[in-house]
Amino acid sequence: MNVKNLEIGKILENKFHTKILLRNDAQCAALAEKKIGSIKKFDDAIFLTLGTGIGGAVFMSGKMLVSKKKNDFEIGHMVIDLNGEKCSCGRCGCFETLASMKKLKADIINKLNLDSQVTGKDIRELLENKEIYDLVEDIINKYIYNLSIGLENLINIFKPEAISIGGSFTHYKKFLLGKLRDELKAKDAIFIKNDLPKIVLATLKNEAGIIGATIENL
Ligand SMILES: [Zn+2]
């Protein structure tokens with residue numbers, strides 16, 4: 001269900017009689033990964049969470065970029081294919097319509113004719129079977145291609161030292177991470193001008209958001 005203009009902070013303040021501050025969940029996870037996790041060592045870094053959508057945050061010179069007006073950036077709604085599928089935001093070919101884990105899972109479910117309620121764990125177990133994996137390898141390659149386009153855009157704009165990826169992508173690292181690194185390496189000289197950042201996985205898992213909610217901006 002889409003909810004608009006609901007003042008959840010005020011509702012919670014009235015209920016619990018304490019000050020409630022709201023922050024974007026991807027930003028919370030990013031702060032935790034920056035303070036104690038996968039991008040701790042890097043001043044210039046990007047954190048992305050790939051799950052049902054794509055969220056994230058950018059750190060420059062050790063500080064998370066925030067605007068005065070609104071405290072989150074819609075990285076997931078960067079268009080990477082003008083002719084792509086329509087997104088919930090109304091535009092077509094957004095990064096998250098093509099490179100979220102939801103998209104990858106939906107394509108695999110469709111190709112293998114699986115029940116739409118199949119779990120991520122079940123899908124990963126199926127991919128362990130070489131014959132099944134071969135059936136969906138094109139889908140995985142296409143997914144990595146789309147993901148790399150979005151990452152190349154971010155790399156060219158921000159020139160990060162590292163990009164950390166969290167969300168359910170991490171559960172599929174065996175099938176995705178090596179391919180992603182290879183794809184970016186292949187394009188490094190052409191699109192990224194030999195400025196490839198380290199591609200790392202988030203380390204704090206589901207705890208990241210809760211840890212990050214307690215951290216002030218760095
Ligand atoms: Zn969109």
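Start at 1 and go down the list; that is how both ligands and their atoms are numbered. Fair warning: this is a prediction, and the values are worked out from it, not measured in the lab.
Residue E7 qualifies as open at atom CD: its count of foreign heavy atoms under 6.0 Å is 12 or below.
A salt bridge is absent between K40 and E33: the closest approach of a Lys/Arg side-chain nitrogen to an acidic carboxylate oxygen does not fall below 4.0 angstrom.
Shown here are the protein N/O/S atoms lying under 2.8 Å from the Zn ion (ligand 1), water excluded: H77 ND1, C87 SG, C89 SG, C94 SG.
Relative to the ring axis of Y172, R124 places its NZ or CZ within 45° and under 6.0 Å from the centre.
Side-chain contact check for S148 and K187: at least one donor-acceptor pair (N or O, by modelled atom type) lies under 3.5 Å.
Among residues two or more places apart in sequence or in another chain, the salt bridge (charged side-chain N to carboxylate O under 4.0 Å, His left out) test is passed with E137 by K179.
Checked against I163 for a side chain to side chain contact (heavy atoms under 4.5 Å, CB included), the options I46, I39, L184 give a single hit: I46.
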